[in-house]
Amino acid sequence: MPASPSDKPVYRFAPSPNGLLHLGHALSALINHDMARANGGRFLLRIEDIDLARCTPEFEQAIYRDLAWLGLEWEQPVRRQCEHFDAYHAALNRLTGMELVYPAFLTRGEVKAKVAAFEADGKTWPRDPDGSPLYPDDDRHRSEAERRRLIADGLRHAFRLDMKKVLGLIQMPLNWIETGDGERGEIPADPSVWGDVVLSRSDAPSSYHLSVTLDDAAQGITHVVRGLDLFEATAVHRLLQQLLGLPQPVYHHHRLVVGADGRKLSKSEGSTGLAALRDQGLGLRDIRRLLGL
Ligand code: GLU
């Protein structure tokens, strides 16, 4: 009997329209597409545009142009995160109802100043795998009455996950199945290294971690294929899956494309931009060769 569409593996490429795609994105999109083809799977596209200030319709159109130029075909409709803020909000409410979330009032500048003052004595403030300082304890310990008062005063705030509380609640150990270019097999997930991760901000109604986890489940993604720069973030995604009762995809973190300086490409580097390479007359074969595919 032929497999029903729901039995097929489901892959996705999930770019953010906050700049032009470069060779690193091409690698990710092509690997996803190639794996979907090779495994008789589906290939979905998701536009990760929760950052309303930095994402633009022009960059979104450029994504469609660049991916079509790479010969990719994706299913319609494309999921756009800006159309699903209600779903992210509902999940945030659920976690709030479980008393696992608190309003966080410190601005980036205040956190920076606090860390600098602490480190002035030669001590080191703990940092997450991306190098950002962990969020201080201050807001976690506030009383409910004080939280309500600060919010009523109009103080801007984010919502953060109380990591210590969550870790006391869920069943450990937590792990994921990895098939990528780095470590493979069953990987132990340690979300504590991220501290109290942000779930929504005053200027963005959801965070990357929350929306990516919910959307992978909503789209039935069975294989998350993305760059090794997101390897460590998987621990947070597994934690949210566990808390929200979501299925666990297989993860495949692939090698990164690096620039002449040996660092991961950034969207501001025009020379490796796909549109610029197209304008220079390169074709799909050249791009595949450049990427070693
Ligand atoms: N939107 C993320 C990015 O452009 C990718 C998220 C993911 O693949 O999990 O880096």
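Given the structure is predicted, the values throughout are model-derived calculations rather than measurements. All ligand and atom numbering here is 1-based and tracks the order in the structure.
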Under 3.5 Å: N/O of Y208 near N/O of ligand 1
yes

Ligand 1-proximal atoms of L230, by part, heavy-atom distance under 4.0 Å:
side chain

For ligand 1, is there an N or O atom under 3.5 Å from any N or O atom of P15?
no

What class does the angle between the rings of F43 and H33 fall in, given that below 30° is parallel, 30 to 60° is tilted and above 60° is perpendicular?
perpendicular

If we number the atoms of ligand 1 from 1 as shown, the ones under 4.0 Å from a heavy atom of S16 are 1 (N), 4 (O)

Region of R12 that comes within reach of ligand 1 [heavy atoms, distance under 4.0 Å]
side chain

Considering only NZ, NE, NH1 and NH2 on the basic side and carboxylate oxygens on the acidic side, decide whether D34 and R288 come within less than 4.0 Å.
yes

Can you sort out which atoms of ligand 1 are near V212, meaning under 4.0 Å from one of its heavy atoms?
9 (O)

Option whose closest heavy atom lies nearest to atom 1 (N) of ligand 1, chosen from R46, H253, E48
E48

Taking the inter-plane angle between the rings of F85 and Y88 on a 0 to 90° scale, is it parallel (under 30°), tilted (30 to 60°) or perpendicular (over 60°)?
perpendicular

H237 and Y208: ring pair (Phe, Tyr, Trp, His ring centres under 6.0 Å), yes or no, with the steps?
CA-CA 10 Å; H237 305 165; Y208 160 66; 5.4 Å; yes

Side-chain ion pair, E48 and R80, N-O less than 4.0 Å:
no

Return the orientation label for the W194 and H209 ring planes: parallel under 30°, perpendicular over 60°, tilted otherwise.
perpendicular

